[in-house]
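As structure tokens, the structure follows; a few thoughts come after it.
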Amino acid sequence: QVQLVESGGGLVQAGGSLRLSCAASGLPFGNYGMAWFRQAVGKEREFVAGIGWSGAGTYYADSVKGRFTISRGNAKNTVYLQMNSLKPEDTAVYYCAAMRGYVVPTKSNGMDYWGKGTLVTVSS
């Protein structure tokens, strides 16, 4: 049974930082590209960042480029999202997702597995 479990969300002031983690189990982690998506209240789910199977390739949404960093530890079956210089508009539920293959995932409809999400709230 595949499980993706996010952690690290919470309440932070604007300008602050958070580090999200996503622990994967039940799948050959090294065979999957990983990505983070987010969904704010009243908005559609949107892509945030993606990383290829080896960690060598990454891709970011323009809205987070230069502020967020995605990384992965294949030995720990974990993907991370370091979020710096947070803004109130970053407030959302953040989801981890996995896509089998060797490309950097960026599309929500291409993902094979999803976590349940972790809430990030940025106060002004």
Side-chain angles (χ1 to χ4, degrees):
Q1 180 182 357
V2 175
Q3 281 193 312
L4 302 177
V5 180
E6 302 96 336
S7 61
L11 174 64
V12 63
Q13 287 188 331
S17 298
L18 282 175
R19 188 195 197 204
L20 305 184
S21 299
C22 171
S25 60
L27 77 171
F29 188 69
N31 291 351
Y32 281 77
M34 302 296 295
W36 289 93
F37 295 80
R38 67 186 181 187
Q39 187 167 18
V41 174
K43 295 188 176 181
E44 294 188 352
R45 189 172 299 186
E46 65 175 357
F47 169 78
V48 175
I51 189 166
W53 67 277
S54 69
T58 58
Y59 192 79
Y60 296 92
D62 288 342
S63 58
V64 306
K65 202 171 294 183
R67 299 188 297 123
F68 291 10
T69 303
I70 188 171
S71 61
R72 66 188 293 162
N74 284 358
K76 294 185 176 182
N77 285 8
T78 302
V79 63
Y80 307 95
L81 186 68
Q82 178 66 45
M83 306 187 294
N84 298 329
S85 302
L86 283 161
K87 304 175 181 179
E89 51 264 44
D90 294 319
T91 295
V93 177
Y94 283 71
Y95 298 90
C96 170
M99 184 184 76
R100 187 175 181 89
Y102 301 108
V103 299
V104 177
T106 62
K107 304 292 186 184
S108 61
N109 59 6
M111 309 308 290
D112 296 306
Y113 301 104
W114 291 86
K116 294 183 178 181
T118 185
L119 176 63
V120 172
T121 304
V122 184
S123 63
S124 57

Considering all heavy atoms, the nearest Ala23-Thr78 contact: CA-OG1, 4.2 Å

Phe47 reachable from Val64 in the ILVMFWY side-chain graph, under 4.5 Å edges: no

Minimum heavy-atom distance between Phe29 and Arg72, given as atom pair plus value: O-NH2, 2.9 Å

Sole candidate of Val120, Leu119, Thr118 that passes side chain to side chain contact (heavy atoms under 4.5 Å, CB included) when paired with Val93: Leu119

Beyond-backbone contact of Ser71 with Gln82, side-chain heavy atoms, under 4.5 angstrom: no

Same cluster (ILVMFWY, side-chain, under 4.5 Å), Val103 and Phe37: yes

Path from Phe68 to Val79 over hydrophobic side-chain contacts below 4.5 Å: yes

Plane angle bin for Tyr32 and Tyr113 - parallel if under 30°, tilted between 30 and 60°, otherwise perpendicular: tilted

Electrostatic pair Lys116:Glu6 at N-O distance under 4.0 angstrom: no

Rounded distance [0.5 Å steps], CG in Asn31 versus CE in Met99: 12.0 Å

Aromatic plane relationship, Tyr102 with Trp53 - under 30° parallel, 30 to 60° tilted, over 60° perpendicular: perpendicular

ILVMFWY network linking Ile51 to Leu4, side-chain heavy atoms under 4.5 angstrom: yes

Nearest-0.5 Å distance, CD of residue Glu46 to OG of residue Ser63: 5.5 Å

In one Ile/Leu/Val/Met/Phe/Trp/Tyr side-chain cluster, 4.5 Å: Leu18, Met34: yes

Atom pair CH2/CG of Trp36 and Leu20 - distance to nearest 0.5 Å: 4.5 Å

Salt-bridge present (Lys65, Asp62; N to O < 4.0 Å): yes

Heavy-atom closest pair, residues Ser124 and Ala14: CA-CB, 4.4 Å

Parallel, tilted or perpendicular: ring planes of Tyr95 versus Trp114, cut at 30 and 60 degrees: perpendicular

Distance-minimising heavy-atom pair for Ile70 and Tyr60: N-OH, 2.9 Å

Donor-acceptor contact present, side-chain Asn74 to main-chain Gly30, <3.5 Å: no

Lys87/Val122 under side-chain contact (heavy atoms from CB on, under 4.5 Å): CA gap, chis, key distance, verdict: CA-CA 6 Å; Lys87 304 175 181 179; Val122 184; 5.5 Å; no

Least distance between heavy atoms, Ala40 atom then Thr91 atom: CB-O, 3.6 Å

Minimum heavy-atom distance between Arg38 and Asp90, given as atom pair plus value: NH1-OD1, 2.9 Å

